There are 2 protein chains.
Amino acid sequence: MSGRAVRADARRNIEKLVESAADVFRERGLHAPLEAVAQRAGVSTGTIYHRFGSREALIDAVVPAYAEEQLDRAAADAMACADPWEGFVRYVERVCELQASNLALNDVISRNHPGTAKLAEVCHRSQEQARRIAERAQADGALRADFAVEDLLFVFWSNAMLIRFTAGTAPDAWRRSLGFTLDGLRAGAAHALPTAALTPEQVERVMAGRGRAPA
Amino acid sequence: MSGRAVRADARRNIEKLVESAADVFRERGLHAPLEAVAQRAGVSTGTIYHRFGSREALIDAVVPAYAEEQLDRAAADAMACADPWEGFVRYVERVCELQASNLALNDVISRNHPGTAKLAEVCHRSQEQARRIAERAQADGALRADFAVEDLLFVFWSNAMLIRFTAGTAPDAWRRSLGFTLDGLRAGAAHALPTAALTPEQVERVMAGRGRAPA
DNA sequence: GGTAAAGTTGAGGCCGGTGTCAAGATAGGG
DNA sequence: CCCTATCTTGACACCGGCCTCAACTTTACC
């Protein structure tokens, strides 16, 4: 149809921006100033807006594919585990590792990001995979029966916080915390819980950014 | 010695400011804009700076006494419990309740505040109380032996995050999460942990705001 | 009720960050 | 080689929040 859509130099800038954004978001999270992205790409912020239109669009161009790939792999590895509990543990550990190693993924996984359509889709897909992993471990009797997939959010939120506070001081601290948490999720550890799990609707509201505390 | 130190109208303004600050900090956390405090007190922000000099000083005038009182009570109630595990659980629950009901305390307890001297003192004192409560439960064989007081920070950080995200949607959700956590802290649930606890020095660094992730 | 000391105000400078747009630079087809 | 469509730039207006200070208002002592 149309002839030359975008000039060669523009093409290069876009590629450089995508690379830089991936780096900056990985190192500083999805709220990193776009100025930092522009600078690393050797370009002005105006160019970002000209090419992508908004921070959200830039995120959409950079993060979801990678996030989906990583989360899919984590889920596949978990399901490949012969022992269902082992698979569940591997999955949770792997996801927490992703949070620790990539602050962009940390924001995605803990739902702490500007709502972009693609990212919401990735989260949803990932949650369905998690559901299967958890149900398999429950059917096996290893994961406590009153656990709900929605409770995984608690685990990942907690981990996100830990990482924020300890990344510079004790980058492995989260593993210890996760150890306690997993011990609480074994069927043998279960004591009655005081409250029902979040409903999918509540998760929805939280994801949408409503339902946050004012601060 | 000196005659009239502060004029009657000023006195009134100071009182009003202290009240307003307590309210605003409770509702919005210690990072709330001072503009909000001034407005609620019917005063301009200049007055706050004239009277207190800085946000830190205002916090020091408003928060530590209340925080200390609440935390002391929680600790005393816990030690008054005949059963050490029961006491430990009550303590942790009570502290989490404080976090949920007062965002200023949430910031104090999760160490998410501008470093003020008095607040640091309160935290330190509170940690020593927690240590006694935890050690009693460990001596009784109910709390797992590899738990360290420093690990309580994990619990409170996690809770802080949960509250931030769910306060507007499911204000009791944290109780469920805490249920899982406590189940993981019982001696019977213990499996080997992958990492040592934070050292007091690491906690110090984190409290001082160094050791935070860049974002 | 005058006056000096005490108090308050709010505009204004600062910061870091977002998003825009007129003006200038450059690629690359003719 | 030129000319135009394409692209980039960076200064700018804007935001929310911090903190200051010269000008103004009020108290309360005499």
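These numbers come from the heavy atoms of this one structure, side chains and all, not from hydrogens, waters or symmetry mates. In the text below, chain A, chain B and the rest are named by the order of the sequence lines, each starting its count at 1. Everything numeric in this text was worked out from a predicted model, so none of it was measured.
- OP1 and OP2 of C:dG7 both lie 4.0 Å or more from every side-chain N or O belonging to B:R11.
- Partners of A:R175 under the salt bridge (charged side-chain N to carboxylate O under 4.0 Å, His left out) rule, at least two apart in sequence or in another chain, are A:E97, A:D172.
- In this structure, the CD atom of B:E56 is 7 Å from the P atom of D:dC19, given to the nearest Å.
- In this structure, the CD1 atom of A:I14 is 14 Å from the P atom of D:dT6, given to the nearest Å.
- Listed by chain and number, the residues in a side chain to side chain donor-acceptor pair (under 3.5 Å) with B:T45 amount to none (sequence neighbours excluded).
- In this structure, the side chain to side chain donor-acceptor pair (under 3.5 Å) partners of A:D9, at least two apart in sequence or on a different chain, are A:R7.
- In this structure, A:Y49 does not reach the C:dT20 phosphate: none of its side-chain N or O atoms is under 4.0 Å from OP1 or OP2.
- Between the CG atom of A:L17 and the P atom of D:dC7 there is a distance of 14 Å, given to the nearest Å.
- What separates CZ of B:F52 from P of D:dC18 is a distance of 15 Å, to the nearest Å.
- If you measure from atom CZ of A:R12 to atom C1' of D:dC7, you get 12 Å, rounded to the nearest angstrom.
- With a 6.0 Å radius and a threshold of 12 heavy atoms from other residues, nucleotides or ligands, A:R26 has its CZ atom above the threshold.
- Phosphate contact (OP1/OP2 of D:dA5, side-chain N/O of A:R7, threshold under 4.0 Å): absent.
- Partners of A:E68 under the side chain to side chain donor-acceptor pair (under 3.5 Å) rule, at least two apart in sequence or in another chain, are A:R125.
- A straight line from CG of A:D9 to C1' of D:dT6 spans 8 Å, rounded to a whole angstrom.
- Out of D:dC7, D:dT26, C:dG28, the shortest distance to the side chain of A:A8 is found at C:dG28.
- Salt bridge status for B:E27 with B:R40: present, with a side-chain N to carboxylate O gap under 4.0 Å.
- Residue B:Q39 contributes atom CD, which lies 16 Å from atom C1' of D:dC18 at whole-angstrom precision.
- Residues passing the side chain to side chain donor-acceptor pair (under 3.5 Å) test with A:N13: none are found, sequence neighbours excluded.
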Where along nucleotides 9-17 of chain D does protein come under 4.0 Å, by heavy atom, of base (B) or sugar-phosphate alone (S), with - for untouched nucleotides? BB------S

